[in-house]
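Working notes, beginning with the structure itself.
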2 protein chains.
Amino acid sequence: MDVVTALIRLTGLIQGIYARVSERHDLTPVQAKLLCVLLDGPRGMADLAQIFGVERAALTGLMDRAEKRGLAHRVPVPRDRRALQATLTDAGREAAAAFHVDITAELNRLTGDLTSDAGEHLRAALAEIIERHRAAPGPGGIGCC
Amino acid sequence: MDVVTALIRLTGLIQGIYARVSERHDLTPVQAKLLCVLLDGPRGMADLAQIFGVERAALTGLMDRAEKRGLAHRVPVPRDRRALQATLTDAGREAAAAFHVDITAELNRLTGDLTSDAGEHLRAALAEIIERHRAAPGPGGIGCC
DNA sequence: TATTGTTATACTCTATAACTATA
DNA sequence: TATAGTTATAGAGTATAACAATA
């Protein structure tokens, strides 16, 4: 198997795991990612749109649904009356934390069979690839999820 | 950066590249994947649904759109009058081939900076991970795309 | 009865364009 | 004028459930 095929297959594998874990927590993959981003702290809508690589209008619907499900809410910003900040509710924080634990465990299982040497080689190679191409924000966004 | 974070970031990076290349060829990522799968030969609808990890009903819409765009069409199966086979048109075959060349080049650039030693280590590690978890078909499906 | 594929319906996610309110 | 966020509309992709035709 050549490296390009391996990369595509790996991506499919990880997307599948991400989708499965999300579903297990009764979240869509995008919702799960939103919660994980917000775990780092509140974010403005435009900020989130940039992180997700989508238009601002897409965030409106995303937050509407998260809000309807009681996972997040919008809070006004004191100094700028146009701006809103997406913030986790307590339920949202719990859901995000639980998801994070679960997805981390599942993905760790993926590399758990490698020798520690091979694991470190892999980690280093991936880190180098990401470092060199960090221009692309895209899906995958910030932090871990 | 730990290996789990690296895996998620890499997945985001590759999804972004896949989306960008698809768009460059005026395809959605799912359409691009459909064309790539069909490049290996005609497939039944149920077969495709299984490869894509979706319900059969989803394939109906997918093929409707591909057919409307002149990229693929359904051909009857002689021995089973219930069955249909999704087949590429000439335009679809050309689009699939062009996409394949492009995505392969883009993804090769991703690992092009690695030393040949590091590249081989990476390839081997990914191949082992995929081998051990090949149970999951999921998105990523068959072959390269 | 089981399988193949479709239709109908509903939901999530996304883009574009036009809009409001505030800076 | 520029920015933050929304609304309206359209389309892709998906699931579920019910259905038709054939095996």
Assign T60(A) to base, sugar-phosphate, or nothing according to its heavy-atom contacts below 4.0 angstrom with the strands shown.
-> base
For dG5(D), does either OP1 or OP2 sit under 4.0 Å from a side-chain N or O belonging to R74(A)?
-> no
When the distance from CE of M63(B) to C1' of dT14(D) is rounded to whole Å, what number comes out?
-> 17 Å
Does L48(A) share a hydrophobic cluster with L84(A), counting links as ILVMFWY side-chain heavy atoms below 4.5 Å and allowing steps through other members?
-> no
Between P of dA12(D) and CG of L71(B), the distance in whole Å = 12 Å
Using 4.0 Å as the upper bound for N to carboxylate O, is an ion pair formed by R24(A) and E106(A)?
-> yes
Roughly how many Å is it from CZ in F52(B) to C1' in dA12(D), rounded to a whole number?
-> 14 Å
Which residue lies toward the 5' end of DNA chain C, G61(A) or V77(B), if each is placed at its nearest nucleotide?
-> V77(B)
Expected string for nucleotides 15-23 of chain D under the B/S/- scheme (protein heavy atoms, under 4.0 Å, primed atoms plus P, OP1, OP2 as sugar-phosphate) is SBB---BBS
Between R20(A) and D102(A), does at least one N-O distance fall below 4.0 Å, as a salt bridge requires?
-> no
In whole Å, what is the span from the CZ atom of R43(B) to the C1' atom of dG5(C)?
-> 18 Å
Should the pair H25(A) and F99(A) be assigned to parallel (<30°), tilted (30 to 60°) or perpendicular (>60°) ring geometry?
-> perpendicular
Across the strands shown, which category fits L59(A) at heavy-atom distances under 4.0 angstrom: base, sugar-phosphate, nothing?
-> nothing
Measure from the side-chain heavy atoms of M45(B) and tell me the nearest of dT12(C), dT14(D), dG5(C).
-> dG5(C)
Round to a whole Å and report the spacing from CG of L48(A) to P of dC13(C).
-> 14 Å
Rounded distance (Å) that lies between atom C1' of dT14(D) and atom CG of L27(A) = 17 Å
Does atom CD of E120(B) have more than 12 heavy-atom neighbours from other groups under 6.0 Å away?
-> yes
Among dT4(C), dA4(D), dT12(C), which nucleotide sits nearest the side chain of A46(A)?
-> dA4(D)
